[in-house]
Every structure is written in structure tokens, then in C-alpha cells.
Amino acid sequence: MTTTTEQLSATTLLRFATAGSVDDGKSTLVGRLLHDSKSVLTDQLEAVALASTNRGQEAPDLALLTDGLRAEREQGITIDVAYRYFATTRRRFILADTPGHVQYTRNMVTGASTAELAVVLVDARNGVVEQTRRHAAVAALLRVPHVVLAVNKMDLVEYAEPVFAAIAEEFTAYAASLGVPEITAIPISALAGDNVVEPSAHMDWYGGPTVLEHLETVPVSHDLTACHARFPVQYVIRPQTAEHPDYRGYAGQIAAGVFRVGETVSVLPSGRTTTIEGIDALGESVDIAWAPQSVTIRLADDIDVSRGDLLAPADDAPAITQDVEATVCHVADRPLTVGQRVLLKHTTRTVKAIVKDIPSRLTLDDLSQHPAPGQLVANDIGRVVVRTAEPLALDAYADSRRTGSFLLIDPADGTTLTAGMAGASFTAATDAAADADAAAEDAEWDF
Amino acid sequence: MSTVATVPEGTVNPYALSHLDSLESEAVHIFREVAGEFERPVILFSGGKDSILMLHLALKAFAPAPIPFTLLHVDTGHNFPEVLEYRDRTVEKHGLRLHVASVQEYIDAGKLRERPDGTRNPLQTVPLTEAIQQHRFDAVFGGGRRDEEKARAKERVFSLRDEFSQWDPRRQRPELWQLYNGRHAAGEHVRVFPISNWTELDVWQYIEREGIELPEIYFAHDREVFNRSGMWLTAGDWGGPKDHETVETRQVRYRTVGDMSCTGAVDSDATTLDAVITEIAASRLTERGATRADDKMSEAAMEDRKREGYF
């Protein structure tokens, strides 16, 4: 194997999302990241140039690179989330490019659900506006670990430091109050290329990284030993062949934390306890495995385990509940109403459920709450109480994005109605405050 | 309490996964979700690198048990002989069951008409959708990748198709976290794309890492080709070259494998996996731009075919 291959393989993967409203230059920023990282190839540029000429445009319209659907090109708007791929020598990137128009909330929730970093764009001339607060709130709600504030169009405010500093300060204070753990503010001009890939020659006062540099270096791996270990069982592997007559393995992707051979685990929701006899990591026997590896776990005792069960350390198992309290984002065009019968999909388990209550709806603009709205419509964020027909091993979303999230599905036609996050919605500003308020949280809504 | 403590910068995290391990784990998760939730899944298998990669991932996902899926090949009748040989050998080796839907049979029966340009890729849609209905497949794995084409960049991992196999890009289900919604009515099915998030380079690096065997046409070899619209097409019974086109022998290889009438070769001296990876990393053309005539038919060619039921 040559060094070229080894260098290319040794990279890590960062999944991130962009958020921005219509005219703040998101397409230009995305276009510049793709273009300057040489991820737009000659034939794609030629196709864009040809299409632009056919439309009578003088210069190639780079939005055509990213607007993939006929309707998007016809209307000149981005309808749906698109995923884009680019790479540098240091890292691979999967970008969830979320449109900024009216359907923003569900689109940004979709993009942010798998993102480890969100880029929020602000127009330097306008500063922090309602839309910016909405983006910050969604990033906080979805618990995206890193947020980048890109203050764009610095060229239009004469690259003035005080303009940037004021916006950065206002945004950081707001986002921190929502519990966004890490915020990096970068002054840029996507159009002129300042601080996107190359450092700006116009802003000597800025000593931080460019957008790309930050994306390349932000830590994406977490200290898994601090996480509650969780393993949703996806599928039972029983070859029943001459070669493997007694093999019985539980296949799944580790949702959080670390599992070791010899460890005592509980099978939920039944609560039976056994030990891990072996871990097979896609054909290789290992002593230890961690999130998000897909593995097969073999247990010492022959107990009843099937798809939908959850393995967790016996001394660190989640609570079992049939009453789910959660913050949700409603993503379907038809509403969600009190009394509605739904399916709830949590990890690998789908159960019948009923919407018992919708205590409040959140206005993202000012984070005010409207009590008892009766229903949630498309793009609404609110609190719901759901009763399930079977017990669930559910974590708080704050503790695990993977085992604290769920979908509500219409049983009639399978429509995905609602994206749910169990437990409290926004992170409290400090852990101390969270502990103090822990008792109160059950009684009142925390937004 | 937040348990997602970030590892301080500059320290080595023993739990970091390489990008290939992340992509592999995600794809395996998707295969197992389908096995857990569907009755009759099938893998579209053409003998091309993406479907070979899918098969490899499926084998790993269910080891030591055999994969719980059958295979389906839509045979355009204009396939590369080396690829058909590879297909049959692979099926045999892993004890798999292969369904073949034949475009030629549809043409011979008068159910499909040959296009004036001789291109058969768009003709695959009808045999594909009818095979899905006939065998009542409820999940159909495809090797489509979002980096291939701008309409594919909009595709979900789980893509619901109606009883006519149609894709409606404006009515897609939002796809959140790793919670894939495979609910569908009788007659509908779900197209599943486990390698959505892989790029062409990822595919090649993984093939090298795992030592996966590929058909010979992916590596540089001397071949009789002729030039049509800037692409090197293989001469053959399918109808090329025409009178004004001249055949010459060139050292070429293929970046994609499809119907011979519209899949072009590229000039190359890459005879090893390593050389192929180096070549792709330096290429200024996308895989489809370099080698697929059918995508150049119109700006929305792929979207239009996907709407009709193409994978």
C-alpha cells in the first residue's frame, strides 16, 4: 500500500449542517467551500455554464450546482435538504445543505439531527435577527455540539472589527443561554473569499481560524467512557448451519458508550441480566467495541432477546417508561392533535401510542410558549405527552441523541409526522443549575 | 447533565473511527434495519463496483449467517461479458439466488421498443418495476450514491416508491437521526441506498482495504474502442461503431459499469487498485460526467428517469 492511500484513509469524518436565510449568502459560502476545496469538477462547472447560458444569464449561476431538482431550478429556490461531499487532506465532510425558506424548521431539524457542527450565517449589515435566533434555538434543541457563527458580507461593512465584535457578542450570549456548548465566531466574505478557505488580507485584527480550518480541526470524537453504554438490538443472527450450529448473536450499532467482553448487561425492557460472552466486529472477534460501531454481541445465557430490545450495563440502565414527555418538531403537513393514535419508533422498536397532551407550543423567535395549543402544525416545535402501549427504555435526549430520539408515524399510511426528543428541551446553563432544578423540571416546562 | 464530553484537542482519542469505518458501520446498520423490518428485500446487483461493494457489506453485516436477501439483475442485453461472468461466479461462490429481468426479452416480446440511439439504460425501468411487482419485493437495495448526480443528492436513504415505482421528490419523508421509516402500503416498496454517503474515492479505498475482487474492465487494458460524442465506447454486437466511426485499440479502463451503448471508457494506465485511486484523486471529471452518455441527455435526465422508477 502506498502512502497516498494511507494518507487518504487516515482521515476522519465530520457531518455538519448549514443554516441561513435566503439572502445571507449561504449558497455562495457552500459554493466557495466546494469550489476552493476543488470538489467541483470540470464537467459539473461546464454543465452549470451551459445551463446558465441557455437561460440567458451572463455568468455561471453557482446555485445550479446545488439545486438538484427541476422544480428548484425553475423556481430558483432550494426546496429540500441536500447532502454534499467534499474532502481535504485532513478530513472528509458530509454537509447537510438546508434551505432557508419558509419550511426552515423541519429542514434544519432534519439536517441538524445528524450534524456534529452547525454553521449559522448572519449578514454583517443586519446582525442577529429573528432568523438567527431561530437557527441558534434549533441547534441548541437538537444538541449540535459545535456551532459556528459566520458573520458574512464583512466586505460591505468595510471589514470593521467593532461590527463583528458586537454581533459575535450578542449571538454568543444568546446561544450560550440556550446551552450551546461551543461557539466559534468567524468574520467572512463568502463572495470575496475572506476567511472561508484562505485567511483574509482585509482583517488583520482577526487571529482565529478560517471556516475550513475550523471544520478541519474541530474535535469530532468524544470521550465515550463518560457516556451511558447503549446497544439497541436490530436483528438476531442464527446461521443454523453445520459450521455454526449454535451461534446466536445480537446484531446492532452501538448507540452510545463502550461495551466489553465479560461485562454484566441488562436486557430491556424485560430487565433480565447476563454477561457479554463475545463481541464480533463484522467478522473479527474483539474484546471491546464502542459507538458508532456496528457489531454482533453474544450473551452467556440463553435468554429471550429480540429486535427492539436494548442492552445496557446492569448498573447503568435507562428507566423504563410508557409515559413519554418530549419536545417535538412537527414535520408533516397534516397536524398532530391531542388524542391522536400514532406509532412511535424509538431505536429499533416501534410501538403503538396515543398523544395524551400537547401542553405547549414554542415560538422560536422569542422562545415564548403558548399553552395548550391543541395541535401542532408543520414546522411547529412543542411539548407533547405520549402514552405507549409497551414499555420503552428511553434516555433523555440530553444524555443520548440516539436513544433519546424518536419518530411519531401515522399508522394509516406511514407518514413521518413528528421528530421527538425525550426529556428537557434546552440544556440548562450550568450543570449545577440543572441539578437544582431537576425536581422542578418534571412539573413545569422548561422553555 | 451532558455526557458528550469532547476529547481535548491534541490528545489521541482511542475511540476515533476512520471515515471508512464510519461509512461501513452506517451501511451495515442500514442493511440490518431492512432485514429486521421487511419481508422480501432484494439487492440490485449489476456486477459493477457499487453493487459489489453492497454485497460485500451485506456479507459482513450478517456473518457468519448467509445474507437474508436475494439478488436482482436488470440485464440490458448489452452487458460486458467479463461483468456477466463475474456476476455468475459471485452468485455461485456465496450460494445466492439471482433473479434476472431481461430488457432483450421485453424487446423481443414487443413490450419495449429499441431507441433510435440504441441506448438501453433508460429501458431498464420497465423490466425493473415489473420484476419488483412480480416477486412482491418490498425493499430494493440500490448502489446509488449522492455524490454521483445532483438529483441523487436529494434522495433519502429510505425512498418510498408508489405501486408504479415512481419517485416524487417533493413528497419525500424527512429523514431524521438514524431512524429510517420503512412503513409502506401493499404494492408500494422502499428503495434503500446503504452507500448514499460514500463518494467514488471512498468506494475505491474501501475496495482496496478489504481486498475485494472486481471485474477486469475497471483496470487499464487494451481494448477496441471508437469515439462517439467524446467518449470511448466498446465496439460490439450492440450496434457500434457506425459507418463513419473508426475502431482503434487504446489502453483504457472503466469508471462505471453499465450498458455498453452508453458507458464510456477513459484513457488510463492504472492497472492496480493503487494506481486507480491515485488517478481518481487527481481527476477533474466526475465519474458520470466522464463515462455516462445517458446523463447528458438533458439537465434533469436522472431526475426524470428516477421519477419513472429508475433506481
Side-chain angles (χ1 to χ4, degrees), chain A residues 2 4-5 8-13 41-44 51 68-71 79-80 82-85 92 94 106 110 113-114 145 219 221-224 226-228 234-235 237-239 244 247 251 253 282-283 290 292-294 307 331 345 348 398-399 405 407 409 413-414 416 419 427 431 434, chain B residues 1-7 9 13 15-20 22-25 28-29 32-33 35-36 60-66 146-147 150-151 153-154 169-170 172-179 181 183-185 197 199 201 205 208-209 274 277-278 281 284-286 289-290 299-300 303:
Chain A
T2 68
T4 318
T5 307
L8 289 166
S9 301
T11 55
T12 51
L13 192 62
L41 300 183
T42 312
D43 55 310
Q44 292 171 312
L69 301 175
R70 202 179 262 284
I79 291 169
D80 204 346
Y83 294 87
R84 326 222 163 265
Y85 304 83
R92 298 299 183 93
I94 300 178
R106 66 177 164 198
T110 298
S113 73
T114 52
S221 45
H222 307 295
D223 180 8
L224 294 168
C227 300
H228 308 289
Q234 269 190 295
Y235 189 79
I237 293 178
R238 280 196 310 138
H244 302 280
Y247 186 97
Q253 187 173 27
L282 304 182
W290 57 89
Q293 290 181 319
S294 280
R307 176 172 170 85
V331 296
K345 179 162 188 174
T348 55
D399 288 340
S405 57
L407 301 180
I409 294 169
D413 63 0
T416 299
T427 313
D431 280 353
Chain B
M1 171 184 89
S2 175
T3 52
V4 188
T6 302
V7 176
E9 214 170 325
N13 182 353
Y15 301 126
L17 288 192
S18 75
H19 80 281
L20 287 180
S22 303
L23 292 171
E24 178 189 60
S25 176
V28 164
H29 171 74
R32 290 166 167 179
E33 278 298 284
K60 289 186 90 167
F62 300 101
R146 289 176 177 145
D147 81 319
K150 54 190 181 297
K154 297 280 179 176
R170 302 196 74 161
Q172 300 192 89
R173 290 172 178 163
E175 204 156 72
L176 298 116
W177 298 287
Q178 287 81 12
L179 289 167
N181 177 357
R183 309 283 300 186
H184 61 282
N197 286 326
T199 64
L201 197 54
Q205 288 180 349
E208 179 177 56
R209 185 182 95 170
D274 215 55
I277 289 169
T278 306
R284 300 303 304 148
L285 289 176
T286 66
E299 204 185 330
E303 179 182 348

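Naming convention: chains lettered A, B, ... in sequence-line order (proteins, then strands); numbering from 1 in each chain.
We find the CZ-OG distance between B/Arg209 and B/Ser18 to be 5.5 Å, quoted to the nearest 0.5 Å. For the atom pair B/Leu23 CG and A/Ile94 CD1, the distance stands at 6.0 Å (nearest 0.5 Å).
In this structure, the side chain of A/Gln253 engages the main chain of A/Pro292 through a donor-acceptor pair within 3.5 Å. Under the 3.5 Å distance criterion, the side-chain polar atoms of A/Thr348 are left unmatched by any main-chain donor or acceptor of A/Gln234.
Of the residues considered (B/Ala61, B/Ala65, B/Ala185), B/Ala65 shows the highest number of contacts with chain A, using heavy-atom pairs under 4.5 Å. Between chain A and the residues B/Asn197, B/Leu17, B/Thr199, the most heavy-atom pairs under 4.5 angstrom are made by B/Asn197.
For chain A, the nearby parts of B/Arg32 are the backbone and the side chain; heavy atoms of each come within less than 4.5 Å. For A/Tyr83, the parts lying near chain B are the backbone and the side chain together; criterion is any non-hydrogen pair under 4.5 Å. In this structure, chain B has heavy atoms under 4.5 Å from both the backbone and the side chain of A/Leu407. Using a 4.5 Å cut-off between heavy atoms, B/His29 contacts chain A through both its backbone and its side chain.
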Practice problem: Could you walk me through whether A/Arg307 and B/Glu33 pass side chain to side chain contact (heavy atoms under 4.5 Å, CB included), step by step? | Solution: CA-CA 10 Å; A/Arg307 176 172 170 85; B/Glu33 278 298 284; 3.1 Å; yes

